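Quantities reported herein were computed from a predicted structural model and do not represent experimental measurements. Quick note: numbers below take in every heavy atom, side chains included, and nothing from hydrogens, waters or symmetry partners.
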Amino acid sequence: MATFLHRIGRGAFKRRWLTLLLWAVVLGVAGAAAAGSSGSSNSNITLPGIEAQKAYDVLGEKFPAANADGASARVVVRAPDGEKLADSGPRAEVSSLLKDLKSSSPRVASVSDPFAAKTVSVDGTTGYAQVTYKAKAADLTDADHNRLGDALETSRDQGLTVEASGSAMAPAESGSSSEALGFVLAALILVITFGSFIAAGMPLLTAVVGVGVTMGVVTALTAALDLSSSTSALATMLGIAVGIDYALFIVSRYRSERVAGYDAREAAGRANGTAGSAVVFAGLTVVIALVGLAVVNLPILTAMGMAGAGAVIVAVLVAITLVPALLAFAPERVLGRSRRKASRTKTTATSAPKPPAAERWAAFVLRRPWKVLLFSVLGLGVIALPATKLELGLPDDSSKPTATTERRAYDMLTESFGPGFNGPLTLVVSDSDPAATKTAVGQLTDHVADLKDVAAVTPATYNPAGDTAMVTVVPKSSPASEQTNDLVHTIRDQAQEVRTATGAQALVTGTTAMNIDVAAKFSAAMFPYLALIVGLAFLVLILVFRSILVPLKAALGFLLSVLASLGAVVAVFQWGWFKDLFGLQATGPIMSLMPILLVGIVFGLAMDYQVFLVTRIREAYVHGAEPRAAITEGFRHSGKVVIAAALIMTGVFGGFVGGDDAMIKSLGFGLAVAVIFDAFVVRMTIVPAVLALLGQRAWSLPGWLDRRLPHVDIEGEKLGSPALAPHEPAPRDADFTPTR
């Protein structure tokens, strides 16, 4: 591996213009494909194999009109204080509103009348009209959204309180502020770390190229594969983070090789052979974790995992080819002033400056490994405690900011129609014999109506063939409550009894039922998923480190960091701790997709830091250093780089906390705190403590296994002898210092 990447690095350095041209062509092709694509992203979530999804599929087949793909909006109106909607004034204003809604767009198919449809609250103050469209939500134009908003505003001016929700509402603005903030923070950290604007600019430039290629491909495939908007957001998030970090690692190694005495081309080749090898294996662990998301069998999650894996693969390819080429354009200026001096005049041991902070921290840990280990593990354990109260759900209007019309409409319906109105259950009863269907409907509705947590049961609606019926059940409790959860299971038990008696199939669906089924699906998939990704990555790390204990420690450290990050997510997004600090206006159950997605990404990133840091420790050990001296040596060379990489990822992920998408917001927060926990507590603290306690045993491998495993040479042993003798201390300038 090292010799292969060494040749690639030297070749890209020599043929820098050709390499640059090839990536420009790839970027141009991806951009052209994106520009030529048609269609838009999909926001629907489907989960094959669960009861709620089966019921939706039956509705789509038996009630095609009721399950049409057209957009819809629910317009909620409330009379002025002291009046009712049926009064002459408010009623005339409601009639005017309905006319405005019908004429707001040629795509409007129908508008229901609250009085005719009997969708007015018991107290007569609030009602709602259902607006259905002939076109999909993604196909509505800005003019459609604007006219709908104008109709609502006109009624507000007449004294009504009018709010609306539904897929026909204008999507929230999602500009590039998150990505821009991440880039600004990354640029600042890189300049401080490298002390050179040229060196700082290279990782940013390569990240832009990688993300550009990835987003071009994802955009081109969005319509064909029916991808969601979250897919591109995740690919962008990962592409920026790993793209910058992978390039950072190779550039920093190049600078170290130059100080060690190698010429520019050889330094680029050696940096690619050593740091590039670490990048390849680090990227491989991330890809394993993301591709492994397919085991959940959720199409949207599989698509997000594949897109994220694609972003990582592109980032790796860019790092090992384009970075060496860019180094050839500025082989000296990338060093910075202090580095250029060091490359011309080697620093002697007597004139060495104060050890860098990372080396001093390693020395602190090595002096008291047991205390540091216990304190770190207990601290993460305490932070992880809230994760035991994790509640899962799918996002709805209750999770949106109170300033949005969707959230205000949700609150108005809850106040006037009851907590369960926003989460109705749908019973789907079907049988090839219409008589059996009718009998089953009668029995089931009688049983359900008698349940204590049921507020209302609507009369059954039959399809033209009469073999399928649809019944709406409104719970008394809110959609996320335990009472509603119990109600769903109770109705399903009764549906099974009715099926035994009549032979008709009865299924429960609706948003609440879907939430319950999704949570159960994810809970069942979590252990197989963890076993898959940890098992495969464990094998990869055995190849990298030629050890059993080091990969085992890496996996256990990951579990600590991911549990702590989930605990922090629950505390903030579910319990509301420090919610004002993060701009949260509403708290509630965590998005069902989020935990398993967080686990997959955090695992990959945790292995990134493991590979980046520990490969340098092993490299020192292989070249003759004692175990504790190897730890110090590894921190001297890689500690600062890992810190910079972690800060960059924290900034990139943290920037997404300011977004509007509920899942991306919580995922960005979870990833940011997970990076902090994993990089600074697990990798920079627990790892050296455990390695110090294990000593030489950390690097042992059974002889029979050692003979059978291929040697990947991630330390670059085959590249030739290092510039320094095995036990000769490296120059202090190998830990670069910003210019002043």
- Item | Other residues, nucleotides, ligands: >12 heavy atoms within 6.0 Å of K438 NZ | no
- Query: Between N422 (side chain) and Y410 (backbone), is there a donor-acceptor pair under 3.5 Å?
  - Reply: yes
- Message: Check whether N463 reaches the backbone of T468 with its side chain - one donor and one acceptor, N or O, closer than 3.5 Å.
- Response: yes
- Without swapping roles, check the side chain of H447 against the backbone of I491 for a donor-acceptor pair under 3.5 Å. no
- Task: Mark yes or no for whether D446, through its side chain, and Q443, through its backbone, hold a donor-acceptor pair below 3.5 Å.
- Result: no
- Query: Are R492 and D517 close enough for a salt bridge, meaning some N to O gap below 4.0 Å?
  - Reply: yes
- Query: Is there a donor in the side chain of T141 and an acceptor in the side chain of D144, or the other way round, less than 3.5 Å apart?
  - Reply: yes
- Message: I need the single residue from F578, F573, W577 that forms a ring pair (Phe, Tyr, Trp, His ring centres under 6.0 Å) with F669. Which is it?
- Response: F573
- Query: Counting only N and O atoms by type, is there a donor-acceptor contact under 3.5 Å from the side chain of S481 to the main-chain atoms of S478?
  - Reply: yes
- Query: If you measure only the distance, is there a donor-acceptor pair under 3.5 Å linking the side chains of S416 and T126?
  - Reply: yes
- Message: Can a donor-acceptor pair be found, under 3.5 Å and without considering hydrogens, that links the side chain of K521 to the backbone of I50?
- Response: no
- Query: Short question: side chain of S565, backbone of V673 - any donor-acceptor pair under 3.5 Å?
  - Reply: no
- Without swapping roles, check the side chain of D411 against the backbone of R408 for a donor-acceptor pair under 3.5 Å. no
- salt bridge (Lys or Arg N to Asp or Glu O under 4.0 Å) between E83 and R78, intermediate numbers included: CA-CA 9 Å; E83 298 185 58; R78 177 170 289 172; over 6 Å; no
- D493 atom CG, over 12 foreign heavy atoms within 6.0 Å: yes
- Basic-acidic side-chain contact under 4.0 Å: K54, E51: no
- Task: Determine whether the aromatic ring centres of Y128 and F417 lie less than 6.0 Å apart.
- Result: yes
- Query: Taking the side chain from T219 and the backbone from G216, do they hold a donor-acceptor pair closer than 3.5 Å?
  - Reply: no
- Crowding at CG, D157 (>12 non-hydrogen neighbours, <6.0 Å): yes
- Inspect the contact between R156 and E93 and indicate whether a charged nitrogen and a carboxylate oxygen are less than 4.0 angstrom apart. no
- Message: Distance alone, cut at 3.5 Å: any donor-acceptor contact between the side chains of T132 and S110?
- Response: yes
- Query: Could you go step by step and tell me if N146 and D150 meet the side chain to side chain donor-acceptor pair (under 3.5 Å) rule?
  - Reply: CA-CA 6 Å; N146 292 336; D150 291 342; over 6 Å; no
- Any sub-3.5 Å donor-acceptor pair from S167's side-chain atoms to S72's backbone N or O? yes
